[in-house]
Amino acid sequence: QVQLVESGGGLVQAGDSLRLSCAASGRTFSNYAIAWFRRAPGKEREFVAGISWTGRTTYYADSVKGRFAISRDSARNTMYLQMNILKPEDTAVYYCAAELRGDGSSYYGLYDYWGQGTQVTVSA
């Protein structure tokens, strides 16, 4: 079992930055690909970013490329999503997810473990 806990969400203005954290406990975190997904009100779950279990490969949704950056600190069992130049359309609940020895790809069905989510609200 892997337990994931997100933190760092909040209310910000357009153009601001936030850094989300995902703290993992349980099994060896370094063996897991990690990804961030989000769900806005009335919309489907959306892939945001992912990083492979090796840390060598990252993926980003087109809507966040150049603004968001995913990283991991396996020594701290923590993964991060740095979000810059936030826009109102980034408003959503953000979830981190883990897949054993995955590549961090965008298909949510591959992920075995999920956090409870953290709310990000961006005002215009």
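Side chains included, hydrogens not; waters and symmetry mates left out as well; all remaining heavy atoms used.
A donor-acceptor pair is defined here as one N or O able to donate and one able to accept, closer than 3.5 Å; such a pair exists between the side chain of Ser52 and the backbone of Thr57. Side chain of Glu6 to backbone of Gly117: a donor-acceptor contact under 3.5 angstrom is found.
Under a cutoff of 6.0 Å and an axis angle of 45°, Arg39 and Trp114 do not form a cation-pi pair.
In this structure, CZ on Arg72 lies 14.0 Å from CG on Leu81, to the nearest 0.5 angstrom. Expressed to the nearest 0.5 Å, how far OH of Tyr94 lies from OG of Ser7 amounts to 15.0 Å. In this structure, Asp16 CG and Asn84 CG are separated by 10.0 Å, a value rounded to the nearest 0.5 Å. Taking CD of Glu46 as the reference point, atom CZ of Arg38 lies at 4.0 Å (rounded to 0.5 Å). In this structure, CG in Leu4 is found 11.5 Å from OH in Tyr111, a value given to the nearest 0.5 Å. Rounding to the nearest 0.5 Å places CD1 of Ile34 at 9.5 Å from CD of Glu99.
Screening residues 115-124 for side-chain hydrogen bond (donor to acceptor under 3.5 Å, both in side chains), with sequence neighbours left out, gives Gln119-Thr121.
The side-chain heavy atoms of Phe68 and Leu86, taken from C-beta on, include a pair separated by under 4.5 Å.
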ask   = Stepwise, does the side-chain contact (heavy atoms from CB on, under 4.5 Å) test hold for Tyr59 with Asp103?
value = CA-CA 9 Å; Tyr59 299 93; Asp103 64 358; 3.8 Å; yes
query = When you look at Phe47 and Phe37, which way does the side-chain contact (heavy atoms from CB on, under 4.5 Å) test go after all the steps?
reply = CA-CA 4 Å; Phe47 172 80; Phe37 291 79; 3.8 Å; yes
ask   = How far apart are the C-alpha atoms of Asp112 and Leu100, what are their side-chain angles, what is the distance that settles it, and do they pass the side-chain contact (heavy atoms from CB on, under 4.5 Å) test?
value = CA-CA 8 Å; Asp112 306 301; Leu100 181 63; 4.3 Å; yes
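Hydrophobic clustering (side-chain heavy atoms under 4.5 Å, transitive across Ile, Leu, Val, Met, Phe, Trp, Tyr) keeps Trp36 apart from Leu110. Clustering ILVMFWY residues whenever any of their side-chain heavy atoms sit less than 4.5 angstrom apart, transitively, puts Val64 in the very cluster that holds Leu18. No continuous path of ILVMFWY side-chain contacts below 4.5 Å connects Met79 to Tyr95, so the two sit in separate hydrophobic clusters. Cluster membership check: Val2 shares its hydrophobic cluster with Leu20, using side-chain heavy-atom separations under 4.5 Å among Ile, Leu, Val, Met, Phe, Trp and Tyr.
A salt bridge is absent between Lys87 and Asp90; no separation between the charged side-chain nitrogens and carboxylate oxygens falls under 4.0 Å.
Nearest heavy-atom pair, Ala14 versus Pro88, reported as atom, atom and distance to 0.1 Å: CB-CD, 4.1 Å. Residues Thr78 and Ser21 come closest through the heavy atom pair CG2-CB, 4.3 Å. Across Val120 and Gly9, no two heavy atoms sit closer than the pair CG2-CA, 4.1 Å. Between Tyr80 and Asp73, the shortest heavy-atom distance links the atoms CE1-CB, 4.1 Å.
For CZ of Arg76, the number of neighbouring non-hydrogen atoms (other residues, nucleotides, ligands) closer than 6.0 Å is 12 at most. Crowding of Glu89 atom CD: a count of heavy atoms from other residues, nucleotides or ligands under 6.0 Å exceeding 12.
Not a single ring-ring contact (aromatic ring centres under 6.0 Å, His included) links Tyr60 to another residue, sequence neighbours left out.
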